[in-house]
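See below for the structure under consideration.
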Amino acid sequence: MSAADPVPEGWPDRAARAALVPDPQGGGGRLQPLAEDGTPTGPAARAADVWAAVAAVEARGTAPRWVWAAADSGYTPMLPGRVTRCHDLALTEALLVAHDGAFGQPRSLGAAWARLHGLPVPDDLGVGADSGDQDSLFAPDRLQLPPGTDPLTAVVAVHADQQRRVAALDDSDGTKARFRLLVAAESAGGLVAAEMAYGGLPWRNDVHDALLADKLGPRPVTRGALPAKLAETAQRLQEALGGRPFNADSHAQVIKAFADQGVRLASTRTRHLREIDHPAAEILIHYKELSRLHAAHGWAWQDAWVRGGRFRPEYVVGGVVSGRWAGRGGGALQIPRILRGAVVADPGWCLVVADASQVEPRVLAALSRDAGLARTAAEGDLYQALAAEAFGGDRDQAKLGLLGAMYGQTSGDIGPLLATLRRRYPAAMGYVEAAARTGEDGGLVRSVLGRTCPPPSAEWLDRTEGLEPGADRADRADDDVARSARSRGRFTRNFVIQASAADWALVLLAVLRGRLHDEAAPARLVFFQHDEIVVHAPKELAERVAELITESADEAKRLTFGQTPVRLPMVPTIVESYADAK
DNA sequence: TACAATGACACA
DNA sequence: TACGTGTGTCATTGTA
């Protein structure tokens with residue numbers, strides 16, 4: 001090995017896994033080869049340039065699964081370099097702790113280390129918090145380890161412990177294998193999230209500006225001044241309500257202004273306003289539209305979140321209890337439809353946008369193995385098929401009934417619809433109703449891959465204390481206890497579906513990431529929102545990318561649910577602008 | 001002055 | 001009588 005070889009001296013030709021700890025400063029770091037179960041298979045090695053060492057090991061084509069404390073310290077500094085796979089200790093710790101019924105516990109390396117050694121568990125100051133300055137990013141105390149603890153020792157020990165805890169899981173019916181898949185997919189999610197945050201979503205400020213100018217008028221020169229059309233609308237609103245000045249952003253003042261005109265408003269919600277017969281109502285609806293655009297996605301938003309033609313939000317993997325991602329900053333997961341026109345592919349490139357249709361009822365069909373519903377979900381339009389089979393062809397009724405069953409709706413005229421569904425699809429309805437009962441009794445439910453819902457809060461347990469668990473818990477007289485029980489039942493009923501859908505989407509993301517790299521580089525994932533993905537790809541690769549998405553969706557279905565007749569279609573469209581998708 | 005709660009609306 | 005689940009962000013308003 002020459003002195004220039006970035007692979008550390010003595011590094012083995014193959015390793016199943018490798019622990020990786022960058023130095024706090026200077027770009028060096030240490031790595032250690034590990035067996036699948038976490039046992040070291042060689043001595044720790046030092047690399048003067050740790051990211052070059054990782055890249056060189058990856059380049060051999062036999063890359064280990066890199067084990068690191070968390071993606072922000074373990075991976076983000078390496079970008080745009082790439083690794084094939086990883087084991088993210090923080091994300092895995094959260095999954096394992098939740099599986100044990102203790103939710104929301106600190107998940108930093110230090111927290112996991114402390115649990116392992118029976119020490120007081122430190123809070124998660126570092127993991128997932130604002131990245132702060134670069135120095136603190138690598139500081140050992142960010143890992144929340146006790147002073148003097150060697151981070152590499154901790155990474156190796158915590159990883160071995162996690163592998164042991166996974167190995168100790170119930171092994172009936174493939175449970176353990178599915179949880180391993182969950183750990184791998186969650187970790188891959190950490191890679192994708194870091195890569196998407198690094199790469200950003202193509203964003204055309206000029207298109208965005210034109211849209212803002214059209215709706216709001218030109219950008220005000222004075223900071224904080226209202227744009228012309230917004231001010232003008234507020235003025236018209238005031239005149240329509242008698243001319244006395246009031247703040248149109250204040251619900252209380254708006255309600256009072258209407259009351260002065262003899263119009264009683266229960267609230268200022270748009271849907272209530274639509275029913276109000278007064279000229280000011282329409283103006284107020286218009287004002288709210290403009291005001292929201294200005295406040296949430298106006299010029300200030302653009303200044304804060306768009307740089308160099310890219311919108312750069314941060315994604316929080318596992319940020320939602322169901323396993324969906326959360327966003328931090330810029331409202332990445334709430335890009336309103338009217339703004340999607342600003343998401344435009346670079347010249348010579350395109351966007352491949354794919355959306356999973358009717359994913360939740362399909363997931364229910366796959367989860368519950370209800371033969372009838374699975375047959376229905378083998379069709380292209382599930383609701384239409386359901387309508388034909390059980391609702392006399394009425395698609396709206398079919399959709400209403402099924403959504404109501406999945407969300408625990410009881411109000412409205414939904415009773416007869418639920419009765420029909422129960423009769424026709426006993427296994428599927430039994431599945432969600434069992435999940436609801438478990439929740440009402442304070443129990444835990446899990447997604448198909450084993451992600452576990454939070455346990456009831458202490459306050460909830462307090463309130464329902466003294467009541468025997470059982471079917472009548474939620475059926476009692478209408479008191480607080482029954483209300484709490486039913487509320488948690490709705491949550492767990494929905495959790496099994498939403499979380500299993502998130503499992504599938506995460507596996508899809510992991511599979512697609514690999515295929516894009518292998519077969520469609522330099523195409524990149526640039527956006528992911530629960531059941532929708534956007535890939536930015538050179539035009540000549542667009543068709544191939546679309547195929548890869550479809551294939552990845554099938555592969556994810558097979559991995560997540562096994563053999564099932566249910567279809568989980570991911571429908572790709574090739575566009576230049578996000579607004580043109582669908 | 002700073003923070004939390006509230007209402008509203010955006011997304012799946 | 002009631003109440004479909006999750007999330008983030010903003011402006012206003014009330015409280016410490």
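Note that this is a predicted model, so its numbers are computed, not measured. So that the names make sense, note that chain A is the first sequence line, chain B the second, and so on, each numbered from 1.
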Original post:
Among residues 230-251 of chain A, which residues get a heavy atom nearer than 4.0 Å to DNA chain C?
Top reply: A:N247, A:D249, A:S250
Subject >> Nucleotides bounding contact with chain A, strand DNA chain B, heavy-atom threshold 4.0 Å >> reply: B:dG7 to B:dA12
Original post:
Taking all atoms of both residues into account, what is the closest heavy-atom pair of A:V526 and A:Y315, and its distance?
Top reply: O-OH, 4.0 Å
**OP:** Consider the side chain of A:Q334, meaning its heavy atoms from C-beta on, and name the nucleotide among C:dG4, C:dT7, C:dT5 that approaches it most closely.
**Re:** C:dT7
Original post:
So what stems show up for DNA chain C if we need 3 or more Watson-Crick or G-U pairs in a row, all under 3.5 Å?
Top reply: B:1-12 with C:5-16
Original post:
A:S487 near the nucleic acid: base, sugar-phosphate alone, or nothing, with a heavy-atom cut-off under 4.0 Å?
Top reply: nothing
Original post:
Below 6.0 angstrom between ring centroids: does that apply to A:W299 and A:W305?
Top reply: no
Which atom pairs, donor and acceptor, lie under 3.5 Å between side-chain atoms of residues 351-359 of chain A and protein residues at least two apart or in another chain?
residue	atom	partner	partner atom	Å
A:D355	OD2	A:K582	NZ	3.4
A:Q358	OE1	A:R362	NH2	2.9
A:Q358	OE1	A:L382	N	2.9
A:Q358	NE2	A:D381	OD1	3.0

Original post:
At their closest point, which heavy atom of A:E186 faces which heavy atom of A:R451, and how far apart are they?
Top reply: OE1-NH2, 2.8 Å
**OP:** Would you mind reading off the distance between A:H294 atom NE2 and C:dC10 atom P, rounded to a whole angstrom?
**Re:** 12 Å
**OP:** Report which part of the nucleic acid A:R493 touches: base, sugar-phosphate, or nothing (heavy-atom distance under 4.0 Å, all strands).
**Re:** nothing
Original post:
When you look at A:F528 and A:L509, which way does the side-chain contact (heavy atoms from CB on, under 4.5 Å) test go after all the steps?
Top reply: CA-CA 8 Å; A:F528 170 58; A:L509 210 57; 3.6 Å; yes
Would you list the atom pairs, donor with acceptor, under 3.5 Å between side chains in residues 240-249 of chain A and any protein atom, with sequence neighbours excluded?
residue	atom	partner	partner atom	Å
A:R244	NH2	A:D260	OD2	3.4
A:N247	OD1	A:D249	N	2.8
A:D249	OD1	A:Y287	OH	3.2
A:D249	OD2	A:Y287	OH	3.3

List the atom pairs, with distances to 0.1 Å, where a side-chain N or O of residues 191-202 of chain A and a protein N or O form a donor-acceptor pair under 3.5 Å, not counting sequence neighbours.
residue	atom	partner	partner atom	Å
A:E195	OE1	A:R513	NE	3.0
A:E195	OE2	A:Y75	OH	2.6
A:E195	OE2	A:R513	NE	3.1
A:E195	OE2	A:R513	NH2	2.6

